[in-house]
Each structure stands twice: as C-alpha cells, then as structure tokens.
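Everything below concerns the one structure shown next.
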Amino acid sequence: MKFFRKIRQKFFSENKFSKYLLYALGEILLVVIGILIAIQVSNSNQVRIEQNTMNSYYTELYTTLEADIKEQNESIDQLNALANDLMRCLEIINAKKEDHIDEFKAKIGSLNTAYANDYSMELFDEFMNKGYLSKIEDPQLKRHFESVKIGLIRGKNWDEVLDSDYVNNVSPFIQQNLNYGDFNLPSWLFNENDRPKGGPKVDYSKLFHNLKVWNAIYGRLIYLKSTIKMNNGMLKALVELRTALSEIS
C-alpha cells in the first residue's frame, strides 16, 4: 500500500493530474477485477457444494428406488389378481353357472377394494422441492426425473377418481345387493373365531340376471385395468430413472 501511496504523491507533487487520473482508474479497475474474481471463486465453490449434494441424493435415490420398484411390482401383481377375480365373476354371470355360486361369492369380494396408489417417495419429493430438477445438466437424466414426477401427480389424481367411484357407486351397490359376511375378508381384519356370521341371505342366482350387478363389476374392472396400465407406466419410469442413476453412482 505504501508503494501505491508514494506513486499518487509523486503525481500530485509533479502536477501530473492526467497521469494520476489514469493511475486512479487503473487502481479502481484492479479492485473491480479482484472483486469479480472473488465472486467467481465463491460461485464456483457454491456450485461444487451443490453438485456434491445432488450426487449424494443420486446415490440415496438409487438405493431407495429398489424398494419402490419392488413395491410397485407387488402392487401390480395384486391388482392383476383382483382383475382376474372380477373377470371370473363376469364369466360366471355370463354363463349363468349357478353351480359356481360358491366360487362367485369367494371372488366378488375383490369388488370391495379401493386400489389406492400409495406412492410414498419422500426422498424424491425432497429432492424436487429443493429445486434441484432445474439444475440437472444431463437432459436424459432430467427427463427421467420429470417422468417420475408426472407419474406421481397422475397417480394421486387418479386415486381421487377411484375413491369417488368407490364411495358413490361401488360401496352403495354392495350395501344394497350383497352381504359383507360372504366376502373372503383378510385374516388381519377378522380371524375365523371372531368374524360376525349370519345376516340376510343373498339369492345369488338372481344376481346372475341383474344388469346392475353386471355393470357394477364391469365398471370396476375398467377402473382396475386403467390403474394397472398407469402403474405399469410408473414402474417403467422408476426403472429408467434407477438405470440412469446407476451410470452416475
């Protein structure tokens, strides 16, 4: 600093104002350059820290997606089993197979299912909520994240449609035409000893000629098949995202 001060004093003493002005401008320019370099270094450090954080998310997501994919596969298997039950009910009704009433009673309980899509991807939501999606530089990886995001939104919206159909159509139909006591209820709900028995008898042979029964089962099967198709799309998006993350991790 003494060196620069001596230069300024020399210019003043020699009345070389123009040279002093140039020198002052040069000194200001050096200060500005120094500030810009400091800002650039700070920004570079911030970008590096942020990228390290994103890489940590990638590693954790790669691990958690394995469980998400497993749950999705299990959900699709369960939905396919329910769809097969309802399809079999329609076959029995269509063929008027009264000797298959016991089988019909065993499978019609699949009508009493809401088919909710329970997507609990907290780590993924955390990543998205922090705004990291816009900072992904790889266009393919970004597209995979967007596909999963869209799948989650569609799944939640579709759940509302399913719930509305169940509350407004399926549940009232069951209450008016069937006996819950005839359903194969899950063991965690009732064991064989404490399960309520009896109630009004249902003439299942008459149900085979009831258009409302046919449409209730058929309509729910349509919703169920749509859910399976949507879940398969979500499964594909999850697998593709995990594959893309494996190339980074």
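- The number of heavy-atom neighbours closer than 6.0 Å to CD of Gln140, taken from other residues, nucleotides and ligands shown, is 12 or below.
- Looking only at side-chain heavy atoms (C-beta outward), Tyr62 and Ile248 stay at 4.5 Å or farther from each other.
- Here His144 pairs with Glu240, Leu241, Ala244 under the side chain to side chain contact (heavy atoms under 4.5 Å, CB included) rule; sequence neighbours left out.
- Remark: Asp165 engages Asn169, Val170, Arg220, Tyr223 in a side chain to side chain contact (heavy atoms under 4.5 Å, CB included) (not counting sequence neighbours).
- Panel note: side chain Asn168, backbone Ser164; a donor-acceptor pair is recorded below 3.5 Å.
- Within the model, atoms CD1 of Ile69 and NZ of Lys236 stand 12.5 Å from one another, a figure rounded to the nearest 0.5 Å.
- Residues Leu224 and Leu79 meet the side-chain proximity criterion, which asks for heavy atoms closer than 4.5 Å.
- Looking at Thr243, its side chain does come within 3.5 Å of a backbone N or O of Val239 through a donor-acceptor pair.
- The structure places CG of Asn215 at 9.5 Å from CG of Leu90, a figure rounded to the nearest 0.5 Å.
- Not one N or O on the side chain of Asn179 forms a donor-acceptor pair closer than 3.5 Å with the backbone of Lys201.
- Proximity of a side-chain donor or acceptor of Ser226 to a complementary backbone N or O of Ile222 within less than 3.5 Å is detected.
- Checked against the 6.0 Å centroid threshold, Phe104 and Phe208 count as a close aromatic pair.
- At most 12 non-hydrogen atoms from other residues, nucleotides or ligands lie less than 6.0 angstrom from CD of Glu66.
- Taking the side chain as every heavy atom from C-beta outward, Val148 and Met234 approach each other to under 4.5 Å.
- Ion pairing of Glu146 with Lys149 is absent here, as no side-chain N (NZ or NE/NH1/NH2) approaches a carboxylate O to less than 4.0 Å.
- Environment of CE in Met87: sparse, with no more than 12 heavy atoms of neighbouring residues, nucleotides or ligands closer than 6.0 Å.
- Residues meeting the ring pair (Phe, Tyr, Trp, His ring centres under 6.0 Å) test with Phe173, sequence neighbours left out: none.
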